[in-house]
Amino acid sequence: MNATLRLYYDNAYLTEFTAQVVAISERAGHPALALDRSAFYPEGGGQPADRGWLYDASAERRWEVVDVQSDNGVVWHLLAASESPPAVGAAITGQIDWARRFDHMQQHCGQHILTAAFIATCDAPTVSFHLSERSVTIDLAVAELSEEQARAAEAWANAAVWRNVPVQARFVSPEELAQIPLRKPPVVSGAVRVVSIGDIDHSACGGTHPARSGEVGAIAVLGWSRQRGMIRVEFACGGRVIAALRERDAAARAAAAALSVGWAELPAAVTRLQEALQALQRELAQTQRELDALRAAQWYAQTPPINGRRIVTATLPMAGVERLRAIANFIAELPDGIAIVAGGEERVQVVVACHPDTNADARDILAAGMAVLGGRGGGNARMAQGGGGQAGALATAIAAMAERASHHS
(Lines give C-alpha, C1' and ligand atoms only; values in the text may rest on other atoms or scores of the structure.)
Protein backbone atom coordinates (compact mmCIF):
# COMPACT_ATOMS: atom_id res chain seq x y z
CA MET A 1 0.00 0.00 0.00
CA ASN A 2 1.30 3.44 -0.90
CA ALA A 3 2.13 5.89 1.88
CA THR A 4 -0.59 8.41 2.73
CA LEU A 5 -0.06 11.91 1.35
CA ARG A 6 0.04 14.04 4.50
CA LEU A 7 -1.58 17.37 3.74
CA TYR A 8 -0.71 18.96 7.09
CA TYR A 9 2.96 18.94 6.11
CA ASP A 10 2.27 21.76 3.65
CA ASN A 11 -0.61 23.46 5.45
CA ALA A 12 -1.24 23.02 9.17
CA TYR A 13 -4.28 25.30 8.87
CA LEU A 14 -6.12 23.00 6.43
CA THR A 15 -9.29 21.85 8.19
CA GLU A 16 -11.25 20.23 5.34
CA PHE A 17 -10.13 18.02 2.47
CA THR A 18 -11.36 15.38 0.04
CA ALA A 19 -9.88 11.92 -0.28
CA GLN A 20 -10.51 8.36 -1.40
CA VAL A 21 -10.72 5.27 0.81
CA VAL A 22 -7.91 2.88 -0.18
CA ALA A 23 -8.17 0.25 2.59
CA ILE A 24 -10.36 -0.86 5.49
CA SER A 25 -9.09 -2.62 8.59
CA GLU A 26 -9.73 -2.94 12.33
CA ARG A 27 -7.48 -1.44 15.00
CA ALA A 28 -7.92 -1.47 18.78
CA GLY A 29 -11.49 -2.70 18.33
CA HIS A 30 -12.43 0.12 15.94
CA PRO A 31 -13.03 0.10 12.20
CA ALA A 32 -10.13 1.92 10.58
CA LEU A 33 -9.80 3.60 7.19
CA ALA A 34 -6.70 4.35 5.14
CA LEU A 35 -7.07 7.27 2.72
CA ASP A 36 -4.95 8.24 -0.26
CA ARG A 37 -4.48 11.68 1.33
CA SER A 38 -5.24 13.14 4.75
CA ALA A 39 -4.94 16.29 6.82
CA PHE A 40 -5.32 14.30 10.07
CA TYR A 41 -2.17 14.25 12.22
CA PRO A 42 -1.43 10.75 13.58
CA GLU A 43 -0.11 10.34 17.12
CA GLY A 44 3.66 10.64 17.30
CA GLY A 45 6.63 12.72 18.39
CA GLY A 46 5.00 13.47 21.75
CA GLN A 47 1.95 15.04 20.05
CA PRO A 48 -1.50 13.41 20.31
CA ALA A 49 -3.55 12.56 17.24
CA ASP A 50 -6.10 14.85 15.68
CA ARG A 51 -9.83 14.23 16.02
CA GLY A 52 -12.63 15.09 13.64
CA TRP A 53 -15.09 13.59 11.19
CA LEU A 54 -15.34 11.88 7.82
CA TYR A 55 -18.33 12.40 5.50
CA ASP A 56 -19.43 10.63 2.36
CA ALA A 57 -19.45 12.74 -0.80
CA SER A 58 -23.15 13.45 -0.56
CA ALA A 59 -22.95 14.29 3.18
CA GLU A 60 -25.61 11.67 3.96
CA ARG A 61 -23.38 9.79 6.39
CA ARG A 62 -20.83 10.89 8.95
CA TRP A 63 -18.24 8.99 10.98
CA GLU A 64 -16.42 10.36 14.02
CA VAL A 65 -12.65 9.95 13.95
CA VAL A 66 -11.60 9.04 17.51
CA ASP A 67 -7.93 8.27 16.91
CA VAL A 68 -5.35 8.46 14.14
CA GLN A 69 -2.30 6.17 13.92
CA SER A 70 0.53 5.72 11.44
CA ASP A 71 1.91 2.35 10.32
CA ASN A 72 4.70 2.12 7.73
CA GLY A 73 3.75 5.48 6.26
CA VAL A 74 0.02 4.71 6.08
CA VAL A 75 -2.29 6.90 8.17
CA TRP A 76 -5.19 4.96 9.71
CA HIS A 77 -8.34 6.79 10.84
CA LEU A 78 -10.09 4.92 13.67
CA LEU A 79 -13.85 5.40 13.71
CA ALA A 80 -16.18 5.53 16.70
CA ALA A 81 -19.29 4.08 15.08
CA SER A 82 -19.90 0.34 14.95
CA GLU A 83 -21.86 0.76 11.72
CA SER A 84 -20.25 -0.26 8.46
CA PRO A 85 -17.53 2.10 7.19
CA PRO A 86 -17.50 3.50 3.65
CA ALA A 87 -16.38 1.10 0.93
CA VAL A 88 -12.92 1.01 -0.60
CA GLY A 89 -12.86 3.50 -3.45
CA ALA A 90 -15.48 5.78 -1.88
CA ALA A 91 -14.93 9.51 -2.11
CA ILE A 92 -15.14 11.20 1.29
CA THR A 93 -14.59 14.58 2.90
CA GLY A 94 -12.53 14.93 6.06
CA GLN A 95 -12.95 17.66 8.65
CA ILE A 96 -10.42 18.38 11.42
CA ASP A 97 -11.40 19.41 14.94
CA TRP A 98 -9.70 22.80 14.62
CA ALA A 99 -9.84 23.80 18.29
CA ARG A 100 -7.92 20.65 19.22
CA ARG A 101 -5.47 21.05 16.30
CA PHE A 102 -4.67 24.68 17.10
CA ASP A 103 -4.19 23.88 20.78
CA HIS A 104 -1.65 21.22 19.79
CA MET A 105 0.06 23.66 17.43
CA GLN A 106 0.43 26.20 20.23
CA GLN A 107 1.74 23.63 22.73
CA HIS A 108 4.18 21.97 20.31
CA CYS A 109 5.64 25.21 19.01
CA GLY A 110 5.81 26.54 22.57
CA GLN A 111 7.73 23.42 23.56
CA HIS A 112 10.36 24.11 20.89
CA ILE A 113 10.73 27.66 22.17
CA LEU A 114 10.84 26.72 25.87
CA THR A 115 13.38 23.99 25.12
CA ALA A 116 15.58 26.58 23.40
CA ALA A 117 15.07 28.89 26.38
CA PHE A 118 16.31 26.34 28.92
CA ILE A 119 19.39 25.69 26.80
CA ALA A 120 20.09 29.41 26.39
CA THR A 121 19.55 30.41 30.03
CA CYS A 122 20.88 27.45 32.05
CA ASP A 123 22.33 24.92 29.60
CA ALA A 124 19.57 22.39 30.37
CA PRO A 125 18.75 20.30 27.27
CA THR A 126 15.39 18.59 26.76
CA VAL A 127 15.43 14.80 26.39
CA SER A 128 11.70 14.13 26.04
CA PHE A 129 8.38 15.88 25.46
CA HIS A 130 4.82 14.81 26.29
CA LEU A 131 1.56 16.52 25.40
CA SER A 132 -1.77 15.31 26.79
CA GLU A 133 -5.28 16.65 27.21
CA ARG A 134 -4.44 18.24 30.57
CA SER A 135 -0.70 18.86 30.71
CA VAL A 136 2.45 19.48 28.70
CA THR A 137 5.85 18.43 30.03
CA ILE A 138 9.49 18.31 29.05
CA ASP A 139 12.22 16.36 30.82
CA LEU A 140 15.45 18.28 31.29
CA ALA A 141 18.80 16.48 31.54
CA VAL A 142 19.75 18.21 34.81
CA ALA A 143 19.51 17.10 38.43
CA GLU A 144 18.34 20.44 39.87
CA LEU A 145 16.31 23.45 38.75
CA SER A 146 15.95 26.61 40.80
CA GLU A 147 13.07 29.08 40.81
CA GLU A 148 15.41 31.70 39.36
CA GLN A 149 16.42 29.42 36.47
CA ALA A 150 12.81 28.45 35.69
CA ARG A 151 11.64 32.06 35.61
CA ALA A 152 14.62 33.14 33.51
CA ALA A 153 13.78 30.48 30.91
CA GLU A 154 10.09 31.46 31.00
CA ALA A 155 10.94 35.13 30.40
CA TRP A 156 13.34 34.22 27.56
CA ALA A 157 10.67 32.03 25.94
CA ASN A 158 7.94 34.67 26.10
CA ALA A 159 10.28 37.29 24.65
CA ALA A 160 10.86 34.89 21.75
CA VAL A 161 7.12 34.36 21.32
CA TRP A 162 6.43 38.08 21.21
CA ARG A 163 9.10 38.70 18.60
CA ASN A 164 6.51 37.05 16.31
CA VAL A 165 9.14 35.48 14.08
CA PRO A 166 8.13 33.22 11.16
CA VAL A 167 7.88 29.46 11.72
CA GLN A 168 9.00 27.50 8.68
CA ALA A 169 8.48 23.74 8.23
CA ARG A 170 10.02 22.02 5.21
CA PHE A 171 11.74 18.86 4.01
CA VAL A 172 15.42 19.40 3.29
CA SER A 173 18.10 17.58 1.36
CA PRO A 174 21.15 16.12 3.12
CA GLU A 175 23.20 19.03 1.75
CA GLU A 176 20.77 21.59 3.14
CA LEU A 177 20.55 19.73 6.44
CA ALA A 178 24.29 19.99 6.91
CA GLN A 179 24.00 23.79 6.79
CA ILE A 180 21.24 24.06 9.41
CA PRO A 181 22.26 24.42 13.11
CA LEU A 182 19.93 21.72 14.41
CA ARG A 183 19.39 21.58 18.17
CA LYS A 184 20.10 17.82 18.05
CA PRO A 185 20.71 15.26 15.28
CA PRO A 186 17.63 13.77 13.60
CA VAL A 187 16.53 10.29 14.65
CA VAL A 188 15.14 9.37 11.20
CA SER A 189 16.91 8.48 8.01
CA GLY A 190 15.98 9.66 4.55
CA ALA A 191 14.07 12.90 4.04
CA VAL A 192 14.14 15.10 7.13
CA ARG A 193 11.50 17.70 7.95
CA VAL A 194 12.95 20.69 9.75
CA VAL A 195 10.95 23.24 11.74
CA SER A 196 12.73 26.59 12.10
CA ILE A 197 11.41 29.27 14.46
CA GLY A 198 13.26 32.32 13.17
CA ASP A 199 16.78 32.11 14.55
CA ILE A 200 15.46 30.77 17.89
CA ASP A 201 15.32 27.04 17.20
CA HIS A 202 15.90 24.54 14.39
CA SER A 203 14.64 21.01 14.97
CA ALA A 204 13.83 17.90 13.00
CA CYS A 205 10.08 17.58 13.64
CA GLY A 206 7.02 16.07 11.98
CA GLY A 207 4.47 17.92 14.12
CA THR A 208 2.09 20.78 13.40
CA HIS A 209 3.06 24.37 14.18
CA PRO A 210 1.61 27.87 13.64
CA ALA A 211 2.96 30.17 10.94
CA ARG A 212 4.48 32.64 13.40
CA SER A 213 5.71 32.39 16.97
CA GLY A 214 3.27 35.07 18.12
CA GLU A 215 0.38 32.62 17.68
CA VAL A 216 1.74 30.65 20.64
CA GLY A 217 0.42 33.58 22.69
CA ALA A 218 2.24 33.02 25.96
CA ILE A 219 4.20 30.33 27.80
CA ALA A 220 3.80 29.71 31.53
CA VAL A 221 5.97 27.34 33.58
CA LEU A 222 3.52 25.76 36.05
CA GLY A 223 5.90 23.65 38.11
CA TRP A 224 8.66 21.06 38.09
CA SER A 225 9.76 17.91 39.94
CA ARG A 226 12.53 15.30 39.97
CA GLN A 227 11.85 12.29 37.75
CA ARG A 228 14.37 9.46 37.36
CA GLY A 229 17.40 11.70 37.90
CA MET A 230 16.06 14.49 35.65
CA ILE A 231 13.76 17.48 36.06
CA ARG A 232 10.26 17.29 34.61
CA VAL A 233 8.87 20.73 33.83
CA GLU A 234 5.13 21.23 33.41
CA PHE A 235 4.06 24.22 31.34
CA ALA A 236 1.19 25.62 29.30
CA CYS A 237 0.98 27.67 26.13
CA GLY A 238 -1.65 29.85 24.48
CA GLY A 239 -5.22 29.09 25.47
CA ARG A 240 -4.06 26.69 28.15
CA VAL A 241 -2.35 29.56 29.98
CA ILE A 242 -5.71 31.29 30.35
CA ALA A 243 -7.36 28.04 31.45
CA ALA A 244 -4.62 27.42 34.04
CA LEU A 245 -4.92 31.00 35.30
CA ARG A 246 -8.70 30.67 35.69
CA GLU A 247 -8.37 27.32 37.47
CA ARG A 248 -5.75 28.56 39.91
CA ASP A 249 -7.56 31.87 40.46
CA ALA A 250 -10.80 30.04 41.26
CA ALA A 251 -8.99 27.78 43.72
CA ALA A 252 -7.23 30.72 45.39
CA ARG A 253 -10.42 32.76 45.69
CA ALA A 254 -12.37 29.79 47.08
CA ALA A 255 -9.66 29.17 49.69
CA ALA A 256 -9.55 32.88 50.56
CA ALA A 257 -13.32 32.97 50.98
CA ALA A 258 -13.19 29.91 53.26
CA LEU A 259 -10.64 31.72 55.43
CA SER A 260 -12.53 35.04 55.26
CA VAL A 261 -9.59 36.95 53.79
CA GLY A 262 -8.82 38.65 50.49
CA TRP A 263 -7.04 36.43 47.96
CA ALA A 264 -3.88 38.56 48.29
CA GLU A 265 -3.84 37.78 52.04
CA LEU A 266 -4.15 34.05 51.43
CA PRO A 267 -0.45 33.11 51.91
CA ALA A 268 -0.29 34.82 55.31
CA ALA A 269 -3.61 33.26 56.33
CA VAL A 270 -2.40 29.79 55.33
CA THR A 271 0.81 30.31 57.33
CA ARG A 272 -1.23 31.23 60.41
CA LEU A 273 -3.45 28.21 59.86
CA GLN A 274 -0.44 25.89 59.56
CA GLU A 275 1.09 27.28 62.74
CA ALA A 276 -2.18 26.78 64.61
CA LEU A 277 -2.49 23.25 63.23
CA GLN A 278 1.05 22.36 64.27
CA ALA A 279 0.38 23.66 67.79
CA LEU A 280 -2.81 21.58 67.98
CA GLN A 281 -0.97 18.52 66.68
CA ARG A 282 1.70 18.90 69.36
CA GLU A 283 -0.98 19.31 72.01
CA LEU A 284 -2.88 16.30 70.67
CA ALA A 285 0.28 14.17 70.63
CA GLN A 286 1.02 15.08 74.24
CA THR A 287 -2.57 14.39 75.27
CA GLN A 288 -2.48 11.07 73.42
CA ARG A 289 0.76 10.12 75.18
CA GLU A 290 -0.68 10.98 78.60
CA LEU A 291 -3.85 9.03 77.83
CA ASP A 292 -1.82 6.04 76.63
CA ALA A 293 0.21 6.13 79.87
CA LEU A 294 -3.01 6.08 81.92
CA ARG A 295 -4.46 3.25 79.82
CA ALA A 296 -1.25 1.27 80.14
CA ALA A 297 -1.32 1.65 83.93
CA GLN A 298 -4.99 0.66 84.01
CA TRP A 299 -4.42 -2.43 81.84
CA TYR A 300 -1.47 -3.37 84.02
CA ALA A 301 -3.51 -3.00 87.23
CA GLN A 302 -6.33 -5.13 85.80
CA THR A 303 -3.97 -7.93 84.73
CA PRO A 304 -3.45 -10.67 87.34
CA PRO A 305 0.13 -11.95 87.76
CA ILE A 306 1.11 -15.25 86.17
CA ASN A 307 4.26 -16.81 87.60
CA GLY A 308 5.19 -13.44 89.00
CA ARG A 309 4.69 -11.60 85.68
CA ARG A 310 1.94 -9.23 84.59
CA ILE A 311 1.50 -9.98 80.88
CA VAL A 312 -0.56 -7.18 79.32
CA THR A 313 -1.94 -7.80 75.81
CA ALA A 314 -3.70 -5.16 73.75
CA THR A 315 -4.72 -4.61 70.13
CA LEU A 316 -5.02 -1.07 68.75
CA PRO A 317 -5.89 -1.35 65.02
CA MET A 318 -5.36 2.36 64.28
CA ALA A 319 -2.05 2.74 66.12
CA GLY A 320 1.24 3.15 64.29
CA VAL A 321 4.40 1.40 65.37
CA GLU A 322 5.78 4.41 67.28
CA ARG A 323 2.65 4.62 69.42
CA LEU A 324 2.75 0.85 69.99
CA ARG A 325 6.36 1.15 71.17
CA ALA A 326 5.44 3.96 73.56
CA ILE A 327 2.53 2.00 75.09
CA ALA A 328 4.64 -1.15 75.40
CA ASN A 329 7.38 0.85 77.11
CA PHE A 330 4.89 2.34 79.62
CA ILE A 331 3.85 -1.19 80.62
CA ALA A 332 7.38 -2.56 80.73
CA GLU A 333 8.48 0.23 83.08
CA LEU A 334 6.10 -1.12 85.73
CA PRO A 335 7.29 -3.91 88.09
CA ASP A 336 7.18 -7.38 86.47
CA GLY A 337 5.46 -5.88 83.41
CA ILE A 338 5.50 -7.58 80.00
CA ALA A 339 3.69 -5.87 77.12
CA ILE A 340 2.41 -7.54 73.94
CA VAL A 341 0.70 -4.87 71.86
CA ALA A 342 -0.37 -5.05 68.22
CA GLY A 343 -1.84 -2.70 65.65
CA GLY A 344 -1.34 -1.25 62.21
CA GLU A 345 -3.91 -0.18 59.60
CA GLU A 346 -2.34 -1.70 56.46
CA ARG A 347 0.19 -4.16 57.92
CA VAL A 348 0.20 -6.07 61.20
CA GLN A 349 2.72 -4.65 63.68
CA VAL A 350 3.59 -6.29 67.02
CA VAL A 351 5.74 -4.84 69.82
CA VAL A 352 6.91 -6.84 72.85
CA ALA A 353 8.58 -5.13 75.83
CA CYS A 354 9.78 -6.64 79.13
CA HIS A 355 10.73 -5.19 82.50
CA PRO A 356 14.34 -6.17 83.29
CA ASP A 357 13.29 -7.87 86.56
CA THR A 358 11.15 -10.38 84.65
CA ASN A 359 14.25 -12.00 83.13
CA ALA A 360 12.13 -12.50 80.00
CA ASP A 361 13.51 -12.11 76.46
CA ALA A 362 11.29 -9.98 74.22
CA ARG A 363 12.84 -11.55 71.11
CA ASP A 364 11.89 -15.06 72.25
CA ILE A 365 8.30 -13.98 73.00
CA LEU A 366 7.98 -12.19 69.65
CA ALA A 367 9.30 -15.25 67.79
CA ALA A 368 6.36 -17.30 69.08
CA GLY A 369 3.96 -14.83 67.51
CA MET A 370 5.83 -14.44 64.24
CA ALA A 371 5.82 -18.22 63.82
CA VAL A 372 2.01 -18.09 63.84
CA LEU A 373 1.67 -14.96 61.69
CA GLY A 374 4.36 -15.88 59.19
CA GLY A 375 5.96 -12.47 59.74
CA ARG A 376 9.44 -11.28 60.62
CA GLY A 377 10.93 -9.24 63.43
CA GLY A 378 13.88 -8.48 65.65
CA GLY A 379 15.17 -6.37 68.52
CA ASN A 380 16.76 -7.05 71.89
CA ALA A 381 15.84 -8.71 75.17
CA ARG A 382 14.23 -5.49 76.46
CA MET A 383 12.11 -4.66 73.37
CA ALA A 384 11.43 -6.37 70.04
CA GLN A 385 9.07 -5.67 67.19
CA GLY A 386 7.89 -7.45 64.05
CA GLY A 387 5.21 -7.41 61.44
CA GLY A 388 3.66 -8.78 58.31
CA GLY A 389 2.09 -12.14 57.76
CA GLN A 390 -1.56 -13.13 58.03
CA ALA A 391 -3.67 -10.53 59.85
CA GLY A 392 -6.42 -13.07 60.45
CA ALA A 393 -4.07 -15.06 62.69
CA LEU A 394 -3.28 -12.12 64.99
CA ALA A 395 -5.43 -13.28 67.92
CA THR A 396 -3.84 -16.73 67.81
CA ALA A 397 -0.37 -15.15 67.58
CA ILE A 398 -1.03 -12.96 70.65
CA ALA A 399 -2.20 -16.01 72.59
CA ALA A 400 0.99 -17.86 71.62
CA MET A 401 3.14 -14.95 72.77
CA ALA A 402 1.27 -14.65 76.06
CA GLU A 403 1.76 -18.38 76.64
CA ARG A 404 5.48 -18.08 75.93
CA ALA A 405 5.77 -15.05 78.24
CA SER A 406 4.09 -16.88 81.13
CA HIS A 407 6.92 -19.39 81.42
CA HIS A 408 10.32 -18.52 82.91
CA SER A 409 13.24 -19.08 80.54
Side-chain angles (χ1 to χ4, degrees), residues 6 8-13 41 44-48 101-132 135-142 145 149-189 191-222 224 230-241:
R6 306 192 186 202
Y8 61 83
Y9 278 156
D10 294 324
N11 184 3
Y13 295 84
Y41 180 82
Q47 181 175 328
R101 160 69 69 80
F102 187 63
D103 170 59
H104 292 172
M105 289 164 63
Q106 286 186 313
Q107 309 312 314
H108 202 158
C109 190
Q111 177 264 311
H112 282 226
I113 296 171
L114 187 60
T115 287
F118 274 112
I119 292 173
T121 59
C122 58
D123 193 26
T126 292
V127 295
S128 64
F129 156 62
H130 179 70
L131 166 61
S132 69
S135 68
V136 198
T137 62
I138 53 176
D139 288 344
L140 302 178
V142 293
L145 184 70
Q149 288 173 322
R151 296 312 162 200
E154 181 184 65
W156 193 101
N158 280 299
V161 168
W162 301 328
R163 283 172 54 193
N164 198 29
V165 297
V167 179
Q168 182 184 16
R170 74 282 189 200
F171 285 93
V172 299
S173 67
E175 294 75 22
E176 291 174 305
L177 187 64
Q179 303 302 313
I180 299 174
L182 290 180
R183 178 173 10 105
K184 62 181 180 179
V187 296
V188 297
S189 57
V192 175
R193 185 171 182 259
V194 174
V195 174
S196 296
I197 305 173
D199 58 355
I200 296 165
D201 185 70
H202 304 274
S203 299
C205 179
T208 56
H209 296 267
R212 302 189 73 88
S213 65
E215 291 186 66
V216 173
I219 300 174
V221 173
L222 303 179
W224 57 92
M230 296 182 291
I231 296 296
R232 177 162 296 173
V233 176
E234 182 180 5
F235 64 98
C237 304
R240 294 198 188 191
V241 175

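The structure places CD of Q107 at 10.0 Å from OG of S132, a figure rounded to the nearest 0.5 Å. Between L114 atom CG and C109 atom SG the span is 11.5 Å, to the nearest 0.5 Å. C122 SG to L140 CG: the interatomic distance, rounded to the nearest 0.5 Å, is 7.0 Å. Atoms NE2 and CD, from H202 and Q179 in turn, are 12.5 Å apart once rounded to the nearest 0.5 Å. Between the OG atom of S196 and the CG atom of L182 there is a distance of 8.0 Å, given to the nearest 0.5 Å. One finds the CG atom of N11 at 11.0 Å from the OG1 atom of T208 (value rounded to the nearest 0.5 Å).
At least one side-chain heavy atom of D199 sits under 4.5 Å from a side-chain heavy atom of R163. Counting heavy atoms from C-beta on, the side chains of T126 and F118 never come closer than 4.5 Å. The shortest distance between side-chain heavy atoms of Q111 and F235 falls below 4.5 Å. Residues I113 and S213 are in side-chain contact: their nearest non-hydrogen atoms beyond the backbone lie under 4.5 Å apart.
Here D123 pairs with nothing under the salt bridge (charged side-chain N to carboxylate O under 4.0 Å, His left out) rule; sequence neighbours left out. A search for salt bridge (charged side-chain N to carboxylate O under 4.0 Å, His left out) contacts involving E154 returns R151, not counting sequence neighbours.
A donor-acceptor pair under 3.5 Å links the side-chain atoms of Q106 to the main chain of E215, judged by distance alone. Judged purely by atom type and a 3.5 angstrom limit, W156 has no side-chain atom pairing as donor or acceptor with the backbone of T121. For the pair E234 (side chain) and T137 (backbone), a donor-acceptor distance under 3.5 Å is absent. For the pair Y41 (side chain) and R101 (backbone), a donor-acceptor distance under 3.5 Å is absent. Side-chain N or O atoms of W224 include none that pairs as donor or acceptor with a backbone N or O of D139 at under 3.5 Å.
Applying side chain to side chain contact (heavy atoms under 4.5 Å, CB included) to V167 and the options V216, I200, I197 leaves one that passes, I197.
Ring planes of H108 and F129: tilted class, angle from 30 to 60°.
Here the closest heavy-atom approach between residue A204 and residue V192 is recorded as CB-CG1, 3.8 Å. The minimum heavy-atom distance linking N164 with R212 is given by the pair O-NH2, 2.7 Å. Nearest approach of I219 to A157, heavy atoms of both residues: CD1-CB, 3.9 Å. A pairwise comparison of heavy atoms in H112 and S203 identifies CE1-CB, 3.7 Å as the closest pair. Nearest heavy atoms, A153 versus A117: O-CB, 3.3 Å. Scanning all heavy atoms of the two residues, the minimum distance from A124 to V142 falls at CB-CG1, 3.6 Å.
Annotation: salt bridge (Lys or Arg N to Asp or Glu O under 4.0 Å) contacts involving residues 168-185, sequence neighbours excluded, comprise R183-D201.
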